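Take a look at the structure below.
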Amino acid sequence: MTTDKLTRSIQGPILHSFNISTISELLSKQHWSVLKPHLRVTKPATFLDQLLNAGVDSELVFRFFNWSQKEFRFSYGLEENAKVLHFLANSKRAGKLIKAEDVIEDMKAWGISPNVVTYNTLVDGYCKRGSAGKMYKAEAIMKEMLANKICPSEVTFNTLIDGFCKEENVLAAKKAFEEMQTQGLKPNVVTYNSLINGLCNNGKLEEAVDLWDKMVDFGLKPNIVTYNALINGFCKKKMMKEATKVFDDITKQELVPNAITFNTMIDAYCKEGMMEEGFALCSSMLDEGIWPTVSTYNCLIAGLCRKRDLPAARELLNEMENKGLKGNVVTYNILIDGSCKDGKSRNAEKLLNEMFNLGLKPNHITYNTLMDGYCMEGKLKAALNVRTRMEKERKQPNVVTYNVLIKGHCKIGKLEAANGLLNEMLEKGLNPNRTTYDVVRLEMLEKGFIPDIEGHLYNISGMS
DNA sequence: GTCAAAAAAC
């Protein structure tokens, strides 16, 4: 195709008419000027987001953005920049997080000074994407923000608090909560929701309830997110009576439960083996005018799998598809896990093939689950084949992969190989997690092996 | 009007 033809094929009012593969082709050939008129008619952030969604390499998108900025210099506002940064920072497709400092440098070069929102976006990018030590980086950005005389806002603190909670560091989250008040910022509903959720997910239910009371005392009205977080807290502790009480309170407060509210309850019932209650709640959703989602069905399907009723689980998937809801990766992961636990790993692998045929992209969990299934059946060769398959799909083994394989090797007494895998994992810079510590290490110790992960273990236990 | 919060699968 000539450039001229390409130009014609992407012309048109806005984005409807353009073909993303054409665009990627243009991008990779660096025919950027062809795309220039396009940027005038659309919001660059939307445009770039579409590129990322279409799987165009994020580095390329970033370079293109950089170039277009220079071309247009002041034609985009800071808002658009912030949005673009957000997409780039959060893009799951991004190979690596673009260095915050670089982004800021570039912005300055464009003649735009970063503001609170820019920094907030970057902090959030680190909180959501980074691996171990991400919060350290997020805090570093905050320091830089202060150095540039930009005051953190409520959003900055909310982002940090949530980030700490997701890292299971409730202590740091509480510190940030204090700090924000010292700086004269008032915690809002989002702040409380993040903390309450963090406390609930870390088993500190009483503190969560206390915080709820405090927030009401301060005149803040809990919203549906607050309710969902607390319900989740009770559900995790298997306190279904209390969860139901909170659930019933929602309508009394003239709030409306949403799909997440229902899904949380349904999942909890299913985990307790109370399938009837789960199904009953699912049909009551419809009465309330809330449509069950794929996630709703996933909870129920998982419940049936736990009961080792795979035919029923499969049947429910069909039923759901008849209602126009397609199964997703999670659905298949659940079914694969169910088949494996049922001792039918070969069937599980058939499900994996089915996923491919449906155009669903298996993720790490898919492969890890299947490998675990084979390992549990003592079929180590099959498990290793899955690993090869996974790597062919450009998925690098992660900590869980190694845990599963090491466990599998230990199980059949291949300790040398298990130790080799452990070293491989450490060499790759993967951080051992609790399972590595609790299961893998103990198992190896029992067999007389002293795995060399103590230093790493010290790091992870020192964090909490 | 940019940015922040809730559930499910190893």
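Below, chain A is the first sequence line, B the second, and so on; all start at residue 1. Treat the numbers as computed from the prediction; the structure is a model and nothing was measured.
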Near DNA chain B, counting only heavy atoms under 4.0 Å, which residues of [range] show up?
{"range": "residues 252-266 of chain A", "answer": "A:Asn258, A:Ile260, A:Asn263, A:Thr264"}
{"range": "residues 268-284 of chain A", "answer": "A:Lys271"}
{"range": "residues 191-202 of chain A", "answer": "A:Asn193, A:Ser194, A:Asn197, A:Asn201"}
{"range": "residues 218-231 of chain A", "answer": "A:Asn223, A:Val225, A:Asn228"}

Whole-Å distance between [N] [atom2] and [X] [atom1]?
{"X": "A:Asn298", "N": "B:dC10", "atom1": "CG", "atom2": "P", "result": "12 Å"}
{"X": "A:Phe177", "N": "B:dA5", "atom1": "CZ", "atom2": "P", "result": "17 Å"}
{"X": "A:Met240", "N": "B:dA7", "atom1": "CE", "atom2": "C1'", "result": "13 Å"}
{"X": "A:Tyr119", "N": "B:dT2", "atom1": "OH", "atom2": "P", "result": "21 Å"}
{"X": "A:Met142", "N": "B:dC3", "atom1": "CE", "atom2": "C1'", "result": "14 Å"}
{"X": "A:Leu370", "N": "B:dA9", "atom1": "CG", "atom2": "C1'", "result": "14 Å"}
{"X": "A:Met145", "N": "B:dA4", "atom1": "CE", "atom2": "C1'", "result": "13 Å"}
{"X": "A:Leu316", "N": "B:dA8", "atom1": "CG", "atom2": "C1'", "result": "14 Å"}

Item to complete: Return the set of residues passing side-chain hydrogen bond (donor to acceptor under 3.5 Å, both in side chains) with A:Lys414 (not counting sequence neighbours), or none when no residue passes.
Response: none
Worksheet item: Who passes side-chain hydrogen bond (donor to acceptor under 3.5 Å, both in side chains) against A:Glu319, sequence neighbours left out?
Response: none
Nucleotide nearest [X] when distance is taken to its side chain, options [options]:
{"X": "A:Val190", "options": "B:dA9, B:dA5, B:dC10", "value": "B:dA5"}
{"X": "A:Thr159", "options": "B:dA8, B:dA9, B:dA4", "value": "B:dA4"}
{"X": "A:Asn232", "options": "B:dA9, B:dA4, B:dA7", "value": "B:dA7"}
{"X": "A:Val155", "options": "B:dA4, B:dC10, B:dA9", "value": "B:dA4"}

Worksheet item: Under the salt bridge (Lys or Arg N to Asp or Glu O under 4.0 Å) test, which residues partner A:Glu139, sequence neighbours left out?
Response: none
Practice prompt. Could you tell me which residues satisfy salt bridge (Lys or Arg N to Asp or Glu O under 4.0 Å) with A:Glu377, sequence neighbours excluded, listed by chain and number?
Written response: A:Lys379
Discussion item. Please classify the nucleic acid contact of A:Thr369 as base, sugar-phosphate, or nothing, using heavy-atom distances under 4.0 Å.
Written reply: sugar-phosphate
Item to complete: Quick one: do A:Ile196 and A:Met215 satisfy side-chain contact (heavy atoms from CB on, under 4.5 Å)? Show the steps, please.
Response: CA-CA 10 Å; A:Ile196 288 175; A:Met215 120 184 228; 4.1 Å; yes
Just checking, any donor-acceptor pair under 3.5 angstrom between side chains of [X] and [Y]?
{"X": "A:Thr264", "Y": "A:Asp267", "result": "no"}
{"X": "A:Asn398", "Y": "A:Thr401", "result": "yes"}
{"X": "A:Asn228", "Y": "A:Asn258", "result": "yes"}

Response to the item:
Taken to the nearest 0.5 Å, the spacing of A:Lys350 NZ from A:Leu335 CG works out to 14.5 Å
Give the table of side-chain donor-acceptor pairs shorter than 3.5 Å for residues 277-291 of chain A, with sequence neighbours excluded, one pair per line with atom names and distance.
from	atom 1	to	atom 2	distance (Å)
A:Ser283	OG	A:Phe279	O	3.3
A:Ser283	OG	A:Ala280	O	3.0
A:Ser284	OG	A:Leu281	O	2.8

Worksheet item: Residues two or more places apart in sequence or in another chain: which of them pass ring-ring contact (aromatic ring centres under 6.0 Å, His included) with A:Tyr192?
Response: A:Phe177
Practice prompt. Just jot down the ring-ring contact (aromatic ring centres under 6.0 Å, His included) partners of A:Phe262, sequence neighbours excluded, or say none.
Written response: A:Phe247
Worksheet item: For residues 327-342 of chain A, which residue pairs qualify under side-chain hydrogen bond (donor to acceptor under 3.5 Å, both in side chains), counting only residues two or more places apart or in two chains?
Response: A:Asn298-A:Asn328, A:Asn298-A:Thr331, A:Asn328-A:Thr331, A:Tyr332-A:Glu354, A:Asn333-A:Asn363, A:Asn333-A:Thr366, A:Asp337-A:Lys341, A:Asp342-A:Lys344
Practice prompt. Say whether, by atom type as modelled, one donor and one acceptor occur between the side chain of A:Asn433 and the main chain of A:Thr435 under 3.5 angstrom.
Written response: yes
